[in-house]
Each structure stands twice: as structure tokens, then as C-alpha cells.
Amino acid sequence: MTYKNTLEFALNLDEQDELKTYRNKFHIPVIDKKETIYFTGNSLGLQPKSTIDYINTELQDWAKWGVEGHFHSKNPWFAYHEMFAEPISRIVGAQPKEVVVMNNLTVNLNLLLVSFYRPTAKRYKIICEAKAFPSDQYALEMQVKSSGFNPKEAIVEVAPREGEQLINNDDIIAAIEEAGDSLACVMIGGVNYFTGQVFNMEAITSAAHKVGANCGFDLAHGVGNIELKLHEWDVDFACWCSYKYLNSGPGGVAGVFINEKHCNNTELPRFAGWWGQEKETRFLMEKGFNPIKSAEAWQMSNAPVLSMAAHKAAIDIFDEVGMDKLLQKQRLLSGYLEFIIDDISASLTKPDKSLEIITPRNWKERGCQVSVIAHGYGKDLFNQLTEEGVISDWREPNVIRMAPVPLYNSFQDIYHFGEILKKAL
Ligand SMILES: *Cc1c(COP(=O)(O)O)cnc(C)c1O
């Protein structure tokens, strides 16, 4: 598409947008009586207007039924999480039995590592990306330590090459080959939270399997944002949160993917609780853990229904639209944002000032997020954007992360952002 930096052009794209009515299904934050330009759906997605009714339904059923609500409420709570298997499997490219909604992201990452990082004296290394999200770093460090290994020896970080911002996929593959049979597991953020770079998960998984290692991904920034085919790619495990692109509310319930082949392996070590027990025997309260042959086996506790109700409201919208349409619009939106930033950067005349997009320009290697280094600018720039109603994210020393999302952002949002940015610069 040939973009133009004009209001007329943006209005026209909005007019043609098949998903334009969806914006009205969300609460857009208003500051000083003006709708904000909300570019932080990668951090906390906006609230669907339907969420309140979904939660109210469960509150009313709780009031009406008390404990009987586990079986008699409109959406019986004992099986509430089962409603997510189909729609979530469509979002991540899985079979329904391979996914379960439970806990929170870092909790799940730890549970998955218990099963899929099983170091031995010979095979003990784990590969991750350099500067992984801190929570993931801490989880890996302590998993390695609690298995009796030294993080300095066991954790192999793959970094960008000298002077570069992105991590070369070939370097990840090379690190896997080099680690060879000392490699137990690969665990990488499928979409880098800082640069927005999407890794080649299929190739990384295949390389890990070639040396006999497990391979998993943290998809906090991938789920609901990019095309995922976890089953087809033969990924062993994955986890994600629901409050970023999935719009399910602060601290909302998270989800995991566990490859079918592992679901069928009842011998696989794991932490366990009664909600992972075969359903026929769960309430017999007898000795002996007998895992369900699905991702549900990793679920330990009964479902947090109120948080799941918010999740259900959001996922029903995703299921109504479908990932294909979201991806189509997402590519146009991030492309337009890239164009506007380039256009404005080209008009800057001082040699030490420029805007550098560090997110890959190839749409296959990015999702909604565009990360920009504001060379020659400090946090003042970000503060001015915020004052003018742009909600984005600032990372020291000078990176702005923005993620226009297809469900509720418009092309006008991006055009108006451009005008505000121009003024601020
Ligand atoms: C957002 C994010 C987290 C947050 O973890 P919680 O357990 O949900 O608090 C962890 N890892 C990555 C990569 C993230 O992007």
C-alpha cells in the first residue's frame, strides 16, 4: 500500500476498515474530556464494554447459588476453563486439548520448566535471548539453581551482533547447534517485548529437536498479536498472559500450550493438584495422581471464575472477528505508523536528531508494536506526547514503544499521533 500523511487518507482507510465498528465495543480512556490515542495494548489491553456483564453474570450466580453454582450456574464453574479450549486453540494454532487457561504467566512458565527443563549432568543448558523480560530471567535463574546447576554455566544467552538491535535468527540456531547434546531446553520470548521482533519459532524448534532438546516460547507479546501455529511448528510448550493483546484485564488469568505428545505422556514429571486429576476420579478424593491426557493435567487449582469471566468477554470478541482479519488490519496499522514516523523523521534537519525504527520492517517479523529510538531526545519528548493524550511506553534511555491494535485503534489515531509528534519534536 502507498500511504499518505494526510487526514483525508487516514479517514479513508478507517472508512474502508471492515473492523471499524469494534472500536465502539471498547472503553477508550478519556483524559481532559478527550479520547486518548492509546498505543499501549501491548502492555494492558483496553476493557471491552461487555466485560462488566460477563462478570456480573458470575456474581449473580454466586449470589443465587452459593456452592451449587459449581454445577448449576449458567456457566458451571467446575468446567468454566473448558470453554476456552476451542477459541484459544484457534488463536495460538493448537488442538483444543493442548491448551488450558490457568494461573498467571510467570507461574505457568515455572510450571512448564519443571516439566520441560530436566537437566542432567551431561544435558543441562538452557538457551534464551539476551535481555529477556526480567521475570523470565529470574524464573530461568532459579529453575537452574534449584536443579543444582550454576546459572552462569547453564544459561546461554543469544545477543544481537555488535552495533545491532535485533537478534539474528541464525545466531540462535548456531547457539543451539553449538550447545548440541549439552542442551536441555530452549526458552525464548517469541516476540521480543522491547524491539517487537518476531522470531522464527518453527526453525528454532526444529533446530532444538535436532539436538534432542525441548523448545518453548513465552508468548506474552505474541498471543492475539501475530500468527501462531504452535502445533504445526511442533513446539513443546508455550505460555502467555491475557492482559496485553488479549484485553482480559490487569493481572488476568493466563494460558499454556503443551504439545499433544507430552499430554499423552502420563510419566512426565510435573507439579500437580486436584484439577489436573482425571475427571471421573477427581471427587473420589483418593490417593494416586492420574493426570488428564490434555494440557489440563498441569492445572492444579480450581478456576478463578471472576478473572475468567473477563477473559471470556474478550475472547468472545476475538472469536467473532477471527485472527485472519485482525492480522490483515494489524499489518496495515503498523505499516502506517512506520510510514508516519519515517515521514516525520525525514523532515528533521538537525544532524544529531532523528527517529530510528528498531522493529523489523518486514511485516513477517513483527506484530503491532513499533519501537523507536529518539536520537538526540530525552524523556521530555515522551512527556509532551503524554500531555497531548498519546499513551505510549518509554524505556530509558530513549526508546518509545507503540502498539496500535486492530480491535480498537484507527488510522486516524496514527495520523493524529503524527501531528502531535511533529509538534513535540
Ligand atoms: C508481560 C510479560 C511478563 C509478565 O509476567 P506476569 O507473570 O504476567 O506478571 C513476563 N514475561 C514477558 C516476556 C512479558 O512480556
Side-chain angles (χ1 to χ4, degrees), residues 39-46 84 88 91-92 99-114 116-117 126-143 155 157-160 166-167 172 185-199 201 204 215-226 228 230 235 237-257 271 298-301 304 307-308 310-311 314-315 358-359 366-371 391-395 399-403 405:
F39 284 165
T40 40
N42 57 344
S43 191
L44 183 69
L46 291 181
F84 294 104
I88 293 284
I91 292 173
V92 301
V99 297
V100 67
V101 161
M102 60 180 192
N103 309 318
N104 284 79
L105 170 55
T106 312
V107 173
N108 287 339
L109 176 58
N110 275 292
L111 293 179
L112 291 171
L113 288 170
V114 165
F116 297 104
Y117 175 63
I126 184 162
I127 286 182
C128 66
E129 77 276 34
K131 295 195 185 151
F133 195 89
S135 198
D136 300 29
Q137 290 184 39
Y138 306 147
L140 294 186
E141 177 188 336
M142 294 313 292
Q143 286 280 338
I155 300 177
E157 294 187 352
V158 184
L166 303 175
I167 299 172
I172 299 177
C185 189
V186 176
M187 206 305 289
I188 286 179
V191 180
N192 186 273
Y193 80 97
F194 187 69
T195 61
Q197 177 183 16
V198 176
F199 292 108
M201 289 178 251
I204 293 169
C215 188
F217 297 95
D218 182 332
L219 296 172
H221 283 260
V223 70
N225 177 29
I226 62 163
L228 295 168
L230 298 181
V235 169
F237 66 96
C239 50
W240 53 84
C241 55
S242 70
Y243 49 83
K244 291 172 180 168
Y245 292 101
L246 291 185
N247 309 318
S248 302
V253 68
V256 303
F257 163 90
F271 287 172
W298 275 260
Q299 192 184 22
M300 295 189 285
S301 295
S307 166
M308 283 189 173
H311 194 33
I315 294 306
I358 56 174
T359 306
R366 69 166 184 227
C368 295
Q369 183 177 325
V370 177
S371 302
I391 313 291
S392 59
D393 175 89
W394 176 263
R395 298 279 142 156
V399 171
I400 304 177
R401 300 186 308 158
M402 290 161 285
V405 307

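Note that the structure is predicted; figures quoted are calculated from it, not measured. One-based numbering, in listed order, for ligands and for the atoms of each.
Listed by atom number, the atoms of ligand 1 under 4.0 Å from Thr106 heavy atoms are 5 (O), 6 (P), 7 (O). Residue-ligand proximity, Tyr243 to ligand 1, at heavy-atom distances under 4.0 Å covers atoms 1 (C), 4 (C), 5 (O), 6 (P), 8 (O), 9 (O). Counting the atoms of ligand 1 from 1 in the order shown, those under 4.0 Å from a heavy atom of Asp218 are 11 (N), 12 (C), 13 (C). Less than 4.0 angstrom separates some heavy atom of His221 from each of these atoms of ligand 1: 15 (O).
To the nearest 0.5 Å, atoms CD (Glu129) and CD (Gln137) are separated by 8.5 Å. Atom CD1 of Ile188 is separated from atom CD1 of Ile204 by 4.5 Å, given to the nearest 0.5 angstrom. To the nearest 0.5 angstrom, Phe194 atom CZ is 5.0 Å from Ile358 atom CD1. Rounded to the nearest 0.5 Å, atoms OH (Tyr117) and CG (Leu109) are 13.0 Å apart.
Counting heavy atoms from C-beta on, the side chains of Cys368 and Asn42 never come closer than 4.5 Å.
Of the options Thr40, Asp393, Thr359, a side chain to side chain donor-acceptor pair (under 3.5 Å) to Arg401 is made by Asp393 and by none of the others.
Given atom 12 (C) of ligand 1, the protein heavy atom at minimum distance is Phe133 CG, 3.3 Å. Shortest contact from atom 1 (C) of ligand 1 to any protein heavy atom: Lys244 NZ, 1.4 Å.
Counting heavy atoms under 4.0 Å from ligand 1, residue Leu105 touches it through both backbone and side chain. Only side-chain heavy atoms of Asp136 come within less than 4.0 Å of ligand 1; its backbone N, CA, C and O stay farther off.
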